[in-house]
Amino acid sequence: MSSSSSTVEPAATKPLNSRGRVIFASLIGTTIEFYDFYIYATASVLVFPALFFPDSTPANALLQSFAVFGVAFVARPLGSILFGHFGDRIGRKGTLVASLLTMGIATFLIGVLPVAKDNPGWIFLAPALLVLLRFLQGLALGGEWSGAALLATENAPKGKRAVYGTFPQLGAPIGFILANLLFVVLNATLSPEAFMAWGWRVPFIASAVLVIVGLYVRLKLIESHSFQQVLDKGKVVKLPLASVFTKQWRPLLLGTFIMFATYVLFYLMTSFTLTFGTSPASVETASAAAEAAGKPFNPDAFVPGLGIARGDFLWMLIIGVVFFGIFTLVSGPLAEKFGRRRMLLAVTTGIAIFGLTWVPLFGAGTMGAMALLIIGFILMGLTFGPMAAILPELFPANVRYTGSAVAYNLSSVIGAAPASFVAIALWQAADGSTFLVGLYLSAAAVLTFIALWLTRETRDNDYENNIA
């Protein structure tokens with residue numbers, strides 16, 4: 001085993017930061033992270049193809065827009081290395097401030113970026129700047145989650161690490177709800193022309209408010225006792241990444257796959273279900289929609305969905321995400337009571353079984369889809385909540401930022417990045433059935449189950465004095 005082997009943790013040192021400050025400072029960054037994901041994903045479909053790639057065909061413009069969206073997945077592992085290095089070298093506080101500032105500036109600048117449409121001088125520069133800003137967002141996001149997780153868990157009282165670890169995890173459901181509610185309001189209050197002209201900018205510019213408040217709180221933080229121990233003992237690692245890959249490769253590999261099913265589940269529940277749920281249910285409906293939009297229609301390429309109106313399905317998703325938030329909070333006490341490994345083994349088994357129920361649940365129409373969303377998001381909360389405890393607990397304090405960040409973001413590359421593409425390809429290959437998509441989720445759960453089975457329980461690890 002690595003140096004993260006289980007030992008009894010000594011009496012906890014009194015936290016240096018107040019509970020309220022820890023909650024808010026760890027929550028705000030991940031809230032912005034997921035808020036950004038949803039507003040950018042929505043804009044990538046609704047406005048970016050026409051505004052930034054006006055000379056391309058509609059299909060190519062959409063593909064180019066999604067390609068820019070995917071730039072963040074390339075940048076995130078690089079961000080985990082960059083911010084992980086400084087998080088383990090100079091401390092958690094300064095690194096968290098830098099990641100939030102980078103993310104906030106990039107998101108705000110997207111909101112004020114000139115577009116290529118009707119601006120000939122920006123036909124190349126506007127898309128290039130969009131790619132750059134998206135890259136900076138991904139870079140910041142690569143270091144944000146791990147820093148927020150460490151902020152929460154390294155300031156937690158004894159026996160409360162998993163409970164405190166749910167604070168940054170709550171950013172996912174909160175960010176989702178904020179982003180989707182804002183788009184619902186904009187859709188209800190603005191004409192399509194006004195939304196295309198300036199309304200799409202509002203969500204990006206509005207994120208500045210969250211960033212400013214978050215920076216104010218984070219600047220008041222005191223460095224965690226765990227990292228202070230590293231400084232006091234002169235155990236700062238010169239090259240944290242090299243140390244992780246040479247001495248902590250086993251927990252790095254296990255941590256990557258422990259997170260794998262969580263990522264696949266998240267992107268299937270939020271991205272694929274929206275695509276499938278809102279796609280026309282019949283050839284006639286699809287043909288009529290294409291005709292109304294003035295677009296060509298190929299019946300041979302038609303793949304049926306549920307045919308639920310987009311606005312209605314967004315409300316269904318919002319309801320499901322409420323369960324996501326509730327069960328994220330529930331997961332903390334459960335992970336403390338039963339242990340991270342035992343609890344996650346049970347939840348991962350549930351995810352594998354859930355994948356086999358997609359066909360009958362979606363086959364039951366709107367009510368079945370709502371049941372699927374609720375069950376899926378309950379499982380999402382239960383599996384996502386403990387990740388902020390178990391991934392950092394796998395690593396010693398002086399490489400903990402880098403180790404947990406790299407594991408989390410490597411998992412995003414193999415789990416999150418291809419999930420939506422693979423799911424849509426499987427849906428199309430099965431002529432509209434979701435059987436293969438559900439099987440894909442079940443297979444991901446099996447890989448995570450194996451990783452958990454090979455991992456020792458981390459609940460009682462010495463979190464402060466475990467230094468490599």
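In terms of modelled atom types and a separation under 3.5 Å, the side chain of Arg92 and the main chain of Gly87 share a donor-acceptor contact. Within the 3.5 Å criterion, the main-chain N or O of Leu268 finds no donor-acceptor partner in the side chain of Ser271. Remark: side-chain polar atoms of Ser282 are paired, donor with acceptor, to backbone N or O of Thr285 under 3.5 angstrom. A side-chain donor-acceptor contact under 3.5 Å links Thr31 to the backbone of Leu27. Looking at Thr348, its side chain never comes within 3.5 Å of a backbone N or O of Phe449 through a donor-acceptor pair. Remark: the backbone N or O of Val237 is not paired with any side-chain donor or acceptor of Asn398 at under 3.5 angstrom. Judged by distance alone, the side chain of Ser243 and the main-chain N or O of Pro240 form no donor-acceptor pair under 3.5 Å. Formation of a donor-acceptor pair under 3.5 Å by the Thr448 side chain with backbone atoms of Ala445 is not found in this model.
When the options Leu96, Thr402, Thr102, Asp88 are evaluated for a side chain to side chain contact (heavy atoms under 4.5 Å, CB included) with Phe83, the one that passes is Thr102.
Within 6.0 Å of atom CZ in Phe323, 12 or fewer heavy atoms from other residues, nucleotides or ligands are found, so the atom counts as exposed in its surroundings. The environment of CZ in Arg342 is sparse: at most 12 heavy-atom neighbours from other residues, nucleotides or ligands sit within 6.0 Å. Atom CZ of Phe195 is surrounded by more than 12 heavy atoms from other residues, nucleotides or ligands within 6.0 Å.
Proximity of Phe384 to Met259: side-chain heavy atoms (C-beta onward) are separated by under 4.5 Å at one or more points. Counting heavy atoms from C-beta outward, Leu182 and Ile39 have side chains that stay 4.5 Å or more apart. Proximity of Met103 to Val211: side-chain heavy atoms (C-beta onward) are nowhere separated by under 4.5 Å. In this structure, the side chains of Phe395 and Asn461 stay at 4.5 Å or more apart for every pair of heavy atoms. In this structure, the side chains of Phe257 and Leu454 stay at 4.5 Å or more apart for every pair of heavy atoms. Residues Leu379 and Met269 fail the side-chain proximity criterion, which asks for heavy atoms closer than 4.5 Å. Between Leu274 and Leu314 there is a side-chain heavy-atom pair separated by less than 4.5 Å. Residues Ser411 and Phe260 have side chains in contact (heavy-atom distance under 4.5 Å, counting atoms from C-beta outward).
Considering every non-hydrogen atom in both Met387 and Pro392, the closest pair reads O-CD, 3.7 Å. Contact detail for Gln169 and Gly165: the closest heavy-atom pair is CG-O, 3.2 Å. The two residues Pro203 and Gly199 have their closest heavy-atom pair at CD-O, 3.5 Å. Considering every non-hydrogen atom in both Ser331 and Gly385, the closest pair reads OG-CA, 3.2 Å. Closest approach of Met343 to Pro386, counting heavy atoms only: SD-CG, 3.7 Å. What you find for Trp427 and Thr275 is that their closest heavy atoms are CZ3-CG2, 4.0 Å.
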Subject >> side chain to side chain contact (heavy atoms under 4.5 Å, CB included) between Trp315 and Ile318, worked out >> reply: CA-CA 5 Å; Trp315 279 112; Ile318 290 172; 4.0 Å; yes
Subject >> Stepwise side chain to side chain contact (heavy atoms under 4.5 Å, CB included) check, Ile28 with Arg218 >> reply: CA-CA 10 Å; Ile28 189 68; Arg218 286 187 173 181; 4.2 Å; yes
**OP:** Apply side chain to side chain contact (heavy atoms under 4.5 Å, CB included) to the pair Met196 and Lys117, showing each step before the final yes or no.
**Re:** CA-CA 11 Å; Met196 286 291 289; Lys117 187 176 186 295; 5.6 Å; no
Original post:
Between Tyr401 and Thr95, is a side chain to side chain donor-acceptor pair (under 3.5 Å) present by the stated rule, with each step listed?
Top reply: CA-CA 10 Å; Tyr401 202 127; Thr95 307; 5.2 Å; no
**OP:** With side chain to side chain contact (heavy atoms under 4.5 Å, CB included) as the test, would you mind laying out the steps for Phe276 and Leu306 before giving the verdict?
**Re:** CA-CA 6 Å; Phe276 175 73; Leu306 292 182; 3.5 Å; yes
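Rounded to the nearest 0.5 angstrom, Arg161 CZ and Tyr463 OH are separated by 6.5 Å. Here the CG atom belonging to Leu51 is positioned 8.0 Å from the CZ atom belonging to Arg201, to the nearest 0.5 angstrom. The distance from the CG atom of Leu141 to the CG atom of Leu136 is 10.5 Å, given to the nearest 0.5 Å. How far CG of Leu452 is from CG of Leu344: 5.5 Å, rounded to the nearest 0.5 Å. Residue Phe245 holds its CZ atom at 10.0 Å from CG of Leu253, rounded to the nearest 0.5 Å. Between the CZ atom in Phe435 and the CG atom in Leu426 there is a gap of 11.0 Å [rounded to 0.5 Å].
A ring-centre distance under 6.0 Å is found for Tyr408 and Tyr263. In this structure, the ring of Tyr40 has its center less than 6.0 angstrom from the ring center of Phe48. Aromatic rings from Phe34 and Phe176 are positioned such that their centres are separated by 6.0 Å or more.
In this view, Thr107 and Gln137 satisfy the side-chain hydrogen bond (donor to acceptor under 3.5 Å, both in side chains) rule, not counting sequence neighbours.
Aromatic ring pairs are classed by plane angle as parallel below 30°, tilted from 30° to 60° and perpendicular above 60°; the pair Tyr164 and Phe167 is tilted.
With hydrogens and angles left out, the side-chain atoms of Tyr35 and Ser207 include no donor and acceptor closer than 3.5 Å.
Residue pairs that meet the side chain to side chain donor-acceptor pair (under 3.5 Å) test with at least one member in residues 436-445, sequence neighbours left out, do not exist here.
The residues Glu393 and Arg341 are annotated as not salt-bridged, no charged nitrogen and carboxylate oxygen being separated by less than 4.0 angstrom.
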